[in-house]
2 protein chains.
Amino acid sequence: MNRQGILIVVSGFSGAGKGTIMKALTERYEGYALSVSATTRSPRPGEEDGKSYFFKSVEEFEQMIADGALIEYARYVSNYYGTPRSYVEEQLAAGHDVILEIEIQGARKIKEQYPDAVLLFVTTNDAQTLKDRLTGRGTESEEVIRNRLLRAAQEAEGIEEYDYLVVNDDLDTCVNEVHGIITSEHLKMRRRLEFVTNIREDLQGLMKGE
Amino acid sequence: MNRQGILIVVSGFSGAGKGTIMKALTERYEGYALSVSATTRSPRPGEEDGKSYFFKSVEEFEQMIADGALIEYARYVSNYYGTPRSYVEEQLAAGHDVILEIEIQGARKIKEQYPDAVLLFVTTNDAQTLKDRLTGRGTESEEVIRNRLLRAAQEAEGIEEYDYLVVNDDLDTCVNEVHGIITSEHLKMRRRLEFVTNIREDLQGLMKGE
C-alpha cells in the first residue's frame, strides 16, 4: 500500500540527548529524513548550505515569511530560524518520515497545520540526572546551572501537549522506542483508510462476481 | 515507574488469524494476559474451568449480568458468552496487558467503559486471500463460502472505529507489529502523567534547594 510519510516533532529538555537520538535513528533505520532549517546566521566552518542549514539573507528570510514558505519560525538573539515548508512536504510526499527538532512554540504551530504530526518529548529518567548533565564537567558557574534548570522547568510546562514521552536512559532502548512509535503510527487506522476502502470494495466484488 | 496494564481488544475477519497471533504474542513476550470468557455452554473434553472458560449455569450468568459483573456479553444460539470484569481488572491492576478477542459490538461496549482501551483490527493482505482462507480445502459448499464472505463484509462495516489496522501477511511481522503497538501505547503521554508531575516537582525542588 502507498505510504505517506509522517511528520515527527522532537522536543525535550536540553541535555536529554535529542540530537544523539535523532542521529542514531537515521543511521540505524531507513526512511527517515531530518528536516533542514533555514537561518539568517552565518555558516560556520564545515557547514554546508542545504545540508546543515539553508543559509538565507534577512531579506530572503522575511520574503519566505511573507510567502508562507515557512511552517514556523522564531528569532533567537538577532538571527531567524525556521522550517521551510517545501522541503518537509516533498519528503512527506516521497513517503519519508520527516523529523523536526523544535521547541514547544514551534511544535504547537506544526500541530495546528499538520494535525497528523506526531509530537515526542524526550526526557532524562529523573531531574537529578538532568541536573548532572546540565552541570557537565563542573566548570560551569552556579548561575549558569541555575539558568539551565530554570529553562528546563519552562520546557516542562508544555509536556502534556505532546503525544509521547520517551525516556533517554539507555540510548539503544530509546532509539528503538522512537522507531517503534513511528512504526506503530503508520498502523493507525486513520492512516490506512484507503486500504480499508479497497478491501471492502474487493469483498463486495467477490460476493457479486462469484 | 509504575505501569498500569492496557486493555487490548482484538477483532478481525474470520480467517485472518486472530487466535494464532494472540497465541504467538503471549508465548513470545512477557506481560500479556488473555482474558478468559464466561459461558453457559458445556465444557468440551479437555477444557478447563477458569482456563478455557469460566463455566457458568444460566442462573449464575444472569446473576452476573444483573450484578454488572460482565463488561460485555452476547448470546449466540442458545448460549451466553461474556467478559468477567473482575478478571480483567485484576490483571490490569497487576500491570498486565489484557487481550480480549471479541466482535465489534463487544468492542464498542469495552471502549465506552474503558476509553483507554486499544482496539486492533486484524485483516488479511487483500480480499482474495481472505476468500482463499475461507474457502479452505475446497470442501465447503458455495453457500457456506458465500455466507462467510457476507459475514466478512459485515465485519468490515465497523473497521474505522478501531485504533489500528494490522495486516496478517507474515505471522512474525504481524506479531512484532502488535507488540510494537502495545509498547508504544505505554509511551503515550496520557499514560505517563504521573512521571511528568514527578519530574516537574523534582526540578522545582532542585532549583529551590540548591
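Every chain is numbered from 1, with letters handed out A, B, ... down the list of sequences. Only a predicted model underlies this, so the values are computations on that prediction, with no experimental measurement involved.
Annotation: maximal heavy-atom pairing with chain B below 4.5 Å, among A:H179, A:E161, A:E157, occurs at A:E157. Contacts with chain A were tallied for B:D202, B:T124, B:L165; B:L165 has the most, counting heavy-atom pairs under 4.5 Å.
Other residues, nucleotides and ligands contribute over 12 non-hydrogen atoms within 6.0 Å of the CD atom of A:E27. Other residues, nucleotides and ligands place no more than 12 heavy atoms under 6.0 Å from the OH atom of A:Y73.
Of the atoms belonging to A:L193, it is side-chain heavy atoms, and not backbone ones, that fall under 4.5 Å from chain B. The parts of A:L150 that come within reach of chain B are both its backbone and its side chain, each placing non-hydrogen atoms under 4.5 angstrom from that chain. Contact of A:E201 with chain B is not made at all, since no heavy-atom distance falls under 4.5 Å.
Residues A:D116 and A:R190 are paired through a salt bridge, judged by an N-O separation under 4.0 Å between the basic side chain and the carboxylate. A salt bridge links A:E155 with A:R151: at least one charged nitrogen is closer than 4.0 Å to a carboxylate oxygen.
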### Query
Where do A:N176 and A:Y29 land on the side-chain hydrogen bond (donor to acceptor under 3.5 Å, both in side chains) test, with the steps shown first?
CA-CA 10 Å; A:N176 286 336; A:Y29 298 102; 2.7 Å; yes
